[in-house]
Q: 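Quick one: structure below, then a few questions.
This is a predicted model, so every value here is computed, not measured. All ligand and atom numbering here is 1-based and tracks the order in the structure. Residues: numbered from 1 along the sequence shown.
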Amino acid sequence: VTEPKSLSRRRLLQRLVAIGVPAAAVALARSPQARAAGLPLLSPVAPEAKAVHYVEDASKAKGATAGASCANCGLYQGATGSTQGACQLFPGKDVKAKGWCTSWAPQM
Ligand code: SF4
């Protein structure tokens, strides 16, 4: 006897909840692409970005220390080797790893 997919899926979810797997973890496991996509990118023309002269390419930034970029900034939260990641300065947004802004600080 085969169950309709929605019924067997519901039973699986009920079992996961019963063994204490949080619903959020179930939702994330369901959508690996959503996890990989990260947060929306910060626009360089957004007022908060302009306030700190954020640019997506550090090599074009005026005043940037040679070699400084979001990827080696203490406020960058992206994984090593990532092309973009979260920045503590801009909650809910990703910045480019190659980007830079005037709040750049060395990693500790
Ligand atoms: S604070 Fe650091 S990681 Fe955030 S935008 Fe500025 S340089 Fe990039």
Side-chain angles (χ1 to χ4, degrees):
V1 179
T2 55
E3 294 178 325
K5 272 194 172 175
S6 60
L7 183 58
S8 56
R9 180 175 170 75
R10 191 178 317 142
R11 286 198 179 161
L12 173 64
L13 286 172
Q14 283 168 348
R15 276 183 205 143
L16 290 173
V17 170
I19 61 171
V21 176
V26 173
L28 282 175
R30 215 177 56 184
S31 176
Q33 284 140 343
R35 270 183 301 163
L39 298 167
L41 263 181
L42 174 70
S43 167
V45 297
E48 65 270 33
K50 283 179 143 184
V52 290
H53 304 283
Y54 169 76
V55 292
E56 291 186 328
D57 184 350
S59 69
K60 294 183 178 136
K62 289 180 195 144
T65 306
S69 69
C70 293
N72 58 25
C73 173
L75 300 178
Y76 186 67
Q77 298 181 310
T80 304
S82 56
T83 56
Q84 67 182 65
C87 164
Q88 292 176 39
L89 208 59
F90 304 107
K93 297 283 183 183
D94 269 2
V95 295
K96 293 269 194 183
K98 290 181 180 171
W100 179 87
C101 84
T102 54
S103 291
W104 182 90
Q107 292 174 336
M108 295 292 159

Q: Give the minimum heavy-atom separation between C70 and Y54, together with the two atoms involved.
A: SG-CE1, 4.2 Å

Q: If you take all heavy atoms of S103 and V52, which pair is closest and at what distance?
A: OG-CG1, 3.6 Å

Q: From T83 OG1 over to K98 NZ, what is the distance, rounded to the nearest 0.5 angstrom?
A: 9.0 Å

Q: Quick one: how many protein N/O/S atoms are under 2.8 Å away from atom 4 (Fe) of ligand 1?
A: 1

Q: To the nearest 0.5 Å, what is the distance between CD on Q84 and OH on Y76?
A: 7.0 Å

Q: Between V55 and W104, is there shared hydrophobic-cluster membership here, with clusters defined by ILVMFWY side-chain heavy atoms closer than 4.5 Å?
A: yes

Q: Ignoring hydrogens and geometry, is there a side-chain-to-backbone donor-acceptor pair from D94 to A86 under 3.5 Å?
A: yes

